[in-house]
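Letters A, B, ... mirror the listed sequences (proteins, then strands); counts begin at 1.
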Amino acid sequence: MSNGSPTRRVPEKPTLDGVEARFVERWNADGIYTFDRTATRDEVFAIDTPPPTVSGSLHMGHVFSYTHTDTIARYQRMRGKDVFYPMGWDDNGLPTERRVQNYFGVTCDPSLPYVAGFTPPFRGSPPKDHRAVPVSRPNFIELCDELTAQDEQVFEDLFRRLGLSVDWSLLYTTISAHARRTSQRAFLDNLARGEAYTQEAPTLWDVDFGTAVAQAELEDRERPGAYHTVAFHGAGGEVVIETSRPELIPACVGLVAHPDDARYAPLFGTTVRSPLFDVEVGVYPHPLAQPDKGTGIAMICTFGDLTDVVWWREFNLPTRAIIGRDGRLLADAPAAIVSDAGRAHYASLVGKSAKQAQTAIVELLRTSGDLKGEPRPITHPVKFYEKGDRPLEIVTSRQWYIRNGGRDQTLRDALLARGEEMHWHPDHMKHRYANWVQGLNGDWLVSRQRYFGVPIPVWYRVGADGQPDYASPLIPEHERLPIDPSTDVPNGFNANQRGVVGGFVGDPDVMDTWATSSLTPQLASNWANDDDLFARVFPMDMRPQGHDIIRTWLFSTMVRSHLAHGGIPWRRATLSGWILDPDRKKMSKSKGNVVTPIDLFDKYGSDAVRYWAASARPGVDTAFSEDQMKVGGKLANKLLNVSKFVMTFGGSESGAVTSPLDRAMLSRLSGVVAEATLAFDDFDYARALERTESFFWWFCDDFVELVKTRAYGTGGVDGVPATTNVSDESLSARHALTRAISILQRLLAPHMPFCTDEVWSWWHNTSVHGTAWPTSADTGSEAPSLAPSLAPSLTAPAAEQLLHTVSTVLAEIRRTKTEAKVSQRAAVSQVVITCDASRASEVTQAQTDLVNAGNVAEFKVVDGATLSVNVTLAPAS
RNA sequence: GGGCGUUUAGCUCAGUUGGUUAGAGCAUCUCCCUUACAAGGAGAGGGUCGGGGGUUCGAGUCCCUCAACGCCCACCA
């Protein structure tokens, strides 16, 4: 290799102690992972790194998946690519907001004015009885900035310790001014193209967080409930329905049954009156009604579930909302309730939570005789916000949406086609994407009624009626971004006009965290700010992420890229698996079994932990295994020792390798290089490692043992090789060992960056991570000129057969000694090998090495059909 | 209900177009301080490849079917 120093500096006692700190420092100082901004797109390998949420802590799942990405980055770099490998911190959104509240003991009140030099009541662990101090939004965001900066430093230190070859100069955060500007700019572009719109509509609502929630953030949870059989009153008698939510009877706007259901056909077009509240509602036919569910006829309420919304919309029904944004029954009864009894019944429910209202209304129904039988307990799936604790309600509110194909088949088909354009690793993950896109039931709801986030960057004129004009929002110029409409003023207005007739009002909402996260390729590449950089890296080559966020992060990023850039955001997505407990459960904090990465780095070394991660097949859920880390530690240690050993012989990488056994070893290694390269090109880092490691142990255990005596040469004693009159055979072994160790160090470098750079540094002045990935040509097995004396050139199958035969003989000698319970060093008086002529020739070619390795006095070859080996030990002296 | 994945040694997993006797590591047992490494080395035992059926000269590998486990989505009166 070029840049190699002829001086070899091999430590007397190799060690991995301190290797991480040393190389973290050196890599940083030398800037070897810095992206070269002059590289053209085809020379670049760009990675859209997932920005971890900094409000939590990094756990083994991060170590696992980020290691996978790093092995790819290091491989591509060694292949000569200019690797664009940024890191981002996701410090935007609810998790950060909650952490800041709990850490400082504050709460955000956007109506308050900014206080300069504000000091929070606490820094860490406020007492339980502390009442949160309200602060303005700008003050709150300052505190968010302070805390996230602390958290981010911890994250960076850990990732550096893990050995990620990130270019830290590309670091971005999702709440920075840059991110807010990018996010707002992208949103305004969506608005300008007609892809973003605002609408007042029923929305899934979390009553505890007080915010709307998108389809992608839902999850079902099994919850106990009960079917209640309730009578409505029609002209022809009672109409009995079943409901799990009787508290919504005052919100009832109709009944619905299947069009083909003969039982209810006579009722279609007629009306019935609701129990207790005596409101007249129509009976409607609709195919979504299921005859076999309950009594086959259901009540439509505003709103019990999403099907209610469909019916409400299709039948153009009135809105009778009773659940407020706090989850409690509204003070005012729906206007449709007119009877005194009905109004009295409603009044008794006001202010109660949905659950309390249900208990109360069941009692009322029982008294009135409209409850038929007793409620029947059931367990049923209920929709929750994935971070929430109470079931979602549906309330009507004004929200912003971005079109995502949920209401538009053409766009949906286009996004499905984009999914096909990409490569998926593993391939079957694309089904999850397609499944999700096909199941969309509405556009992407991007507004959130929260504080810490990127504000929706618009204002509205306040009309003569005092109402905001939502139809034509006031838009800031690009140069003004980022803005906060709660404090900034639109052009042409002054601050005194805020909230007054003829003035303006800012949109109070922030964007969904995914509205910003969906722009990570643009954020990392400085889109709209540095178009030159953007053009050099976009679309990116690789998006690594968890398969649980295909429907959120991956999909929303695809939507943004498709709408804004008319193409896919990356050529391939690599989906990593989960970390499981040893007992196959997903690792969870609550179970108290989360091990901190730092402890493991300390205990086994970063390379060992990386080895565990890199051993897992792409996309496969993997058991947490300290055993695997121990194995990785052994591998690193072995690499140190065998490298040191090989170094002592002073061979040359370009020296002539003439002996058949040496050439056969290099031929096998050539195959390994080809396999590892192929595997990495297919993003299968695990296979690359497995092939390399497998060869490595064979190399140490068999090959080195066989050739080391020859390598020492005649006259070499006490661990010091001969230096004069060294034979060609001896030189061949030295050169072969050297060439192999060079290649092995490089093959292992993407997986174990610390120990490989350590051993590389013993004989090179440059980092192994800036060195070229080995090729088959490096082995010399495809370049006969390196061994002109050997003709004809050894073919790969012939090499394999030679190695196989030699290993078989060696194993038999070893087995004999083990079974005789003597040292491997024990003398053998005779080895008789029965084999055919071709094997006999192989044995002869390696006979010197076999004699040396086995301490054999006499070799005898007997003609025979099948290979068999008979070993006679010398009598103990 | 729809979709996807997994099932190979006690444990964790390889096994790439079907092809010698199904492999590795860990664990277990035995032995060995041999001129790098005892944080080492040499060996041994251990599997009817989830069940059944089929294609083939030949199936862990391809087809059908069943089962268990896991995940995604939908429904949620």
Check the side chains of [Y] and [X] for a donor-acceptor pair under 3.5 angstrom, ignoring hydrogens and angles.
X      : Y      : result
A/Q801 : A/S838 : yes
A/Y385 : A/E219 : no
A/T552 : A/E217 : no
A/Y685 : A/H751 : no
A/E842 : A/T805 : yes
A/T818 : A/Q824 : yes

Per-nucleotide protein contact along nucleotides 18-32 of chain B, 5' to 3', at a 4.0 Å heavy-atom cut-off (B base, S sugar-phosphate only, - neither), is -------SS---SSS

Now, which nucleotide makes the Watson-Crick or G-U wobble pair with B/G1, with each of the two distances under 3.5 Å?
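Pairing partner, where one exists within any strand: B/C73.
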
Scan every strand shown for a Watson-Crick or G-U wobble partner of B/G25, both distances under 3.5 Å, and answer none if you come up empty.
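Base-paired to B/C11.
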
_Between the side chains of A/D702 and A/R814, is the shortest nitrogen-to-carboxylate-oxygen separation below 4.0 Å, so that they form an ion pair?_
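Yes, A/R814 and A/D702 are salt-bridged.
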
Review point. Are A/E242 and A/R376 close enough for a salt bridge, meaning some N to O gap below 4.0 Å?
Key: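 Salt bridge between A/E242 and A/R376, a charged N being under 4.0 Å from a carboxylate O: yes.
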
Between [N] ([atom2]) and [X] ([atom1]): distance, integer Å:
X      : N     : atom1 : atom2 : result
A/W424 : B/G5  : CH2   : P     : 15 Å
A/H431 : B/G3  : NE2   : P     : 11 Å
A/N441 : B/C76 : CG    : C1'   : 14 Å
A/D427 : B/G5  : CG    : C1'   : 13 Å
A/E219 : B/A74 : CD    : P     : 12 Å
A/Q438 : B/G3  : CD    : C1'   : 10 Å

Distance check, [atom1] atoms only: [N] and [M], in whole angstrom units.
N     : M     : atom1 : result
B/U56 : B/G50 : C1'   : 23 Å
B/C64 : B/G3  : P     : 14 Å
B/G60 : B/U17 : P     : 14 Å
B/A39 : B/C49 : P     : 41 Å
B/C31 : B/U6  : P     : 43 Å
B/C33 : B/G41 : C1'   : 10 Å
B/A22 : B/G5  : C1'   : 24 Å
B/U7  : B/G51 : C1'   : 11 Å

Base, sugar-phosphate or nothing for [X]? Non-hydrogen atoms, less than 4.0 Å.
X      : answer
A/D220 : base
A/Q290 : base
A/L288 : base
A/T648 : nothing
A/R551 : sugar-phosphate
A/A811 : sugar-phosphate
A/E693 : nothing
A/T243 : sugar-phosphate

Review point. When only distance counts, do a donor and an acceptor, one from the side chain of A/E705 and one from the base of B/A36, lie under 3.5 Å apart?
Key: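 In this structure, the two groups form a donor-acceptor pair.
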
Looking at [X], does any N or O in its side chain come under 4.0 Å of the phosphate oxygens OP1/OP2 on [N]?
X      : N     : answer
A/R432 : B/C73 : no
A/R815 : B/A42 : no
A/H380 : B/A77 : yes

Pairwise 5' ranking along RNA chain B for A/G294 and A/D702, keeping only the more 5' one: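 Nearer the 5' end of the strand: A/D702.
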
task: On RNA chain B, check which nucleotide each of A/L810 and A/V382 is closest to and give me the residue with the more 5' one.
output: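 Mapping each residue to its closest nucleotide by heavy atoms, the 5'-most match is A/L810.
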
Discussion item. If stacking means aromatic ring centre less than 5.5 angstrom from the base's six-membered ring centre, planes under 30°, is A/W436 stacked on B/C72?
Written reply: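 Check failed, A/W436 does not stack on base of B/C72.
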
Should we count NE2 of A/H286 as having more than 12 external heavy atoms under 6.0 Å?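 Count over threshold, so yes.
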
- prompt: Distance-only, no hydrogens or angles: does the A/W312 side chain make a donor-acceptor pair with backbone N or O of A/L317 under 3.5 Å?
  reply: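 Indeed, once roles are kept as given, a pair shorter than 3.5 Å links the two residues.
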
